[in-house]
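Have a look at the structure below, then the notes.
Excluded from the calculations below are hydrogen atoms, water molecules and symmetry mates; all remaining heavy atoms, backbone and side chain alike, are included. Bear in mind that the values here come from a model prediction, so they are computed numbers and not experimental data.
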Amino acid sequence: MLQTMKRPADSLIHKNTLIRGVFFGLGVVFLALGLIGVVVPGMPTTVFVLLAGYCWARSSKRFYEYLLSHQLFGKMITDWQERRAMPRFAKYLAWAMMAISTVVMFIRLPDDWLWLGVVMAVAMLAVGIWMARLPDA
């Protein structure tokens with residue numbers, strides 16, 4: 001059975017003030033990147049919102065609860081926490097962007113750097129297979 005994060009956010013908050021500040025700052029950066037992803041085609045939103053939720057769960061109960069109750073982003077986080085589920089559209093978009101990135105990389109890389117393209121293609125394939133195994137939200 002999957003462990004959910006239904007427990008109070010207070011139990012997740014880090015005790016060290018400096019670490020809490022780092023987590024809070026990262027949460028702000030990740031949410032900003034997620035917001036950029038809403039309007040910029042090809043930039044992921046879901047991953048950055050999940051990372052913001054993770055960081056704020058460890059730094060600020062108020063911001064974490066705000067994110068959970070947000071009309072647009074709250075469902076992404078609760079789907080991930082409760083079922084490790086990802087929206088089908090997000091999967092399709094991620095697969096398309098990884099495929100396009102791989103093709104562009106092989107076209108643009110010089111011959112002596114093709115090994116990097118192969119490594120990146122294998123990594124993207126592994127991530128794509130992992131995403132395919134996740135349930136749809």
Of all heavy-atom pairs linking Thr46 and Ala90, the shortest is OG1-CB, 3.8 Å

Compare every heavy atom of Gly53 with every heavy atom of Ile77, then report the nearest pair and how far apart it is. CD1-CA, 4.2 Å

Which word best sums up how the rings of Trp95 and Tyr92 line up, parallel for under 30°, tilted for 30 to 60°, or perpendicular for over 60°?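 Aromatic pair Trp95/Tyr92 classed tilted.
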
Hydrophobic clusters here meaning ILVMFWY residues chained together by side-chain heavy-atom distances under 4.5 Å, can you tell me if [X] and [Y] are in one?
X      : Y      : value
Tyr64  : Tyr54  : no
Leu72  : Tyr66  : no
Val118 : Val103 : no
Phe23  : Phe30  : no
Ile107 : Leu125 : no

Within the structure provided, determine whether [X] and [Y] are in side-chain contact (heavy-atom separation under 4.5 Å).
X     : Y     : result
Val47 : Leu50 : no
Leu68 : Gln81 : yes
Leu51 : Leu26 : no
Phe24 : Cys55 : no
Ile13 : Arg58 : no
Leu35 : Phe73 : yes

Distance-only, no hydrogens or angles: does the Thr45 side chain make a donor-acceptor pair with backbone N or O of Val38 under 3.5 Å? yes

Could you pull out all residues at least two apart from Arg20 that satisfy salt bridge (charged side-chain N to carboxylate O under 4.0 Å, His left out)?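 Salt bridge (charged side-chain N to carboxylate O under 4.0 Å, His left out) check on Arg20 returns nothing, list empty.
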
List, by chain and number, the other hydrophobic cluster members for Phe89, where Ile, Leu, Val, Met, Phe, Trp and Tyr join if side-chain heavy atoms come within less than 4.5 Å, directly or indirectly. Leu93, Met97, Ile100, Val104

Just wondering, more than 12 heavy atoms not from Phe106 lying within 6.0 Å of its CZ?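 Yes, the 6.0 Å shell around CZ holds more than 12 heavy atoms from other groups.
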
Using 0.5 Å steps for rounding, measure from the [atom1] atom of [X] to the [atom2] atom of [Y].
X      : Y      : atom1 : atom2 : result
Arg108 : Met105 : CZ    : CE    : 12.5 Å
Met120 : Thr102 : CE    : OG1   : 8.0 Å
Met76  : Met86  : CE    : CE    : 10.0 Å

Could you go step by step and tell me if Met124 and Ser101 meet the side-chain contact (heavy atoms from CB on, under 4.5 Å) rule? CA-CA 9 Å; Met124 288 186 215; Ser101 297; 4.3 Å; yes

Under 3.5 Å, which donor-acceptor pairs link side chains of residues 127-137 to any protein atom two or more places apart or in another chain?
from, atom 1, to, atom 2, distance (Å)
Asp136, OD1, Lys91, NZ, 2.8
Asp136, OD2, Arg88, NE, 2.8
Asp136, OD2, Arg88, NH2, 2.5

Run the ring-centre check on Trp56 versus Phe63 and record whether the distance is less than 6.0 Å.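 Between Trp56 and Phe63, the centre distance is under 6.0 Å.
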
